[in-house]
Amino acid sequence: MDMAALTDHALGITYKVQPPLDNATLNALFAESWPGHQLWDFSRTLAVCLSYVGAFTLEGDLIGFVKLAWDGEVHGFLLDPTVHPTWRKKGIGTKLVRFAVEIARCNGLEWVHVDYLPEVEQFYAGCGFVPTSAGLINLSIATR
């Protein structure tokens, strides 16, 4: 797999690794994709990610995104997989996730973690993930 770009000719989508993306472009995608999205400074997190992947139409419009955070060693963390609503159910999300997992593999990671809600368990199973038990603390509401 070419780790710089991959084109799905049938859909007219190109997947690019670490393309130049600005906050306006990412916030526009997330606003369309996630009700209640608040403007976010993506540059802070992109700067410290192992990698990220964008899915683009042939016209250059961003229609999908995923990032791969890591611990600097062997654990990767899949974050923010997003596909524009008009492009969903076409396999774009699966390709984004699989591309990110392959980037993790090529960088010597041994594990890729992802958190998800029960309603998307089948999606992640289709991407090769198995369910596990995990713990979580919401620090924005947790007390000491």
Side-chain angles (χ1 to χ4, degrees), residues 1-140:
M1 174 185 288
D2 178 358
M3 295 311 294
L6 173 71
T7 300
D8 179 335
H9 296 285
L11 285 177
I13 304 297
T14 300
Y15 301 85
K16 298 179 183 179
V17 177
Q18 293 182 221
L21 291 171
D22 59 31
N23 283 325
T25 301
L26 283 164
N27 276 301
L29 172 63
F30 277 71
E32 287 290 328
S33 303
W34 301 105
H37 170 73
Q38 302 292 316
L39 291 180
W40 183 258
D41 181 3
F42 286 91
S43 64
R44 297 180 330 181
T45 57
L46 295 183
V48 296
C49 283
L50 175 61
S51 194
Y52 56 92
V53 182
F56 297 85
T57 64
L58 294 180
E59 295 77 29
D61 297 323
L62 179 69
I63 52 112
F65 174 80
V66 67
K67 62 185 173 186
L68 184 65
W70 72 320
D71 68 352
E73 296 290 332
V74 297
H75 293 269
F77 306 89
L78 191 70
L79 299 169
D80 299 334
T82 301
V83 175
H84 190 283
T86 60
W87 287 90
R88 290 181 185 160
K89 306 292 186 194
K90 298 178 186 329
I92 295 167
T94 300
K95 285 188 176 100
L96 282 167
V97 169
R98 288 184 176 161
F99 207 159
V101 168
E102 189 59 27
I103 291 167
R105 185 183 331 279
C106 289
N107 279 278
L109 277 65
E110 296 176 17
W111 300 95
V112 177
H113 306 262
V114 65
D115 294 329
Y116 54 81
L117 297 171
E119 55 264 26
V120 293
E121 183 173 347
Q122 287 305 112
F123 168 76
Y124 285 106
C127 293
F129 287 88
V130 296
T132 63
S133 297
L136 179 68
I137 296 174
N138 183 336
L139 298 175
S140 68

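Quick note: residue numbers are just sequence positions, from 1.
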Indicate the atoms forming the closest heavy-atom contact of [X] with [Y], along with that distance.
| X | Y | result |
| --- | --- | --- |
| S33 | P35 | O-CD, 3.8 Å |
| R98 | C127 | NE-CA, 4.1 Å |
| P81 | V97 | CB-CG2, 4.4 Å |

| query | Listed by chain and number, what are the side-chain contact (heavy atoms from CB on, under 4.5 Å) partners of N27, not counting sequence neighbours? | reply |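 Once residues adjacent in sequence are excluded, the partners of N27 under the side-chain contact (heavy atoms from CB on, under 4.5 Å) criterion are N23, H37, L39, W40, F42.
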
Taking side chain as C-beta onward, heavy atoms only, is [X] less than 4.5 Å from [Y]?
| X | Y | result |
| --- | --- | --- |
| Q18 | C49 | no |
| L68 | N107 | no |
| Y116 | P131 | yes |
| V101 | R105 | yes |
| V112 | F129 | yes |
| D80 | T45 | no |
| L79 | Y52 | no |
| F65 | L96 | no |

Look up atom [atom1] in [X] and atom [atom2] in [Y], then write down how far apart they are to the nearest 0.5 Å.
| X | Y | atom1 | atom2 | result |
| --- | --- | --- | --- | --- |
| L62 | T25 | CG | OG1 | 7.0 Å |
| K95 | I13 | NZ | CD1 | 9.0 Å |
| T94 | Y124 | OG1 | OH | 9.5 Å |
| S43 | D22 | OG | CG | 10.0 Å |

| task | Go through the steps for F77 and D115 under the test side-chain contact (heavy atoms from CB on, under 4.5 Å), then give the verdict. | result | CA-CA 9 Å; F77 306 89; D115 294 329; over 6 Å; no

| message | Looking at E119, I'd like to know if its CD atom is crowded, meaning that more than 12 non-hydrogen atoms belonging to other residues, nucleotides or ligands lie closer than 6.0 Å. | response |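 More than 12 heavy atoms, drawn from other residues, nucleotides or ligands, come within 6.0 Å of this atom.
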
| Matching residue for I63 among T57, L11, T82 - test: side chain to side chain contact (heavy atoms under 4.5 Å, CB included) |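 Between I63 and the candidates, side chain to side chain contact (heavy atoms under 4.5 Å, CB included) is satisfied uniquely by T57.
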
| Aromatic F56 / basic K16 pairing, under 6.0 angstrom, 45° off normal |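 Pair K16/F56 counts as cation-pi.
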
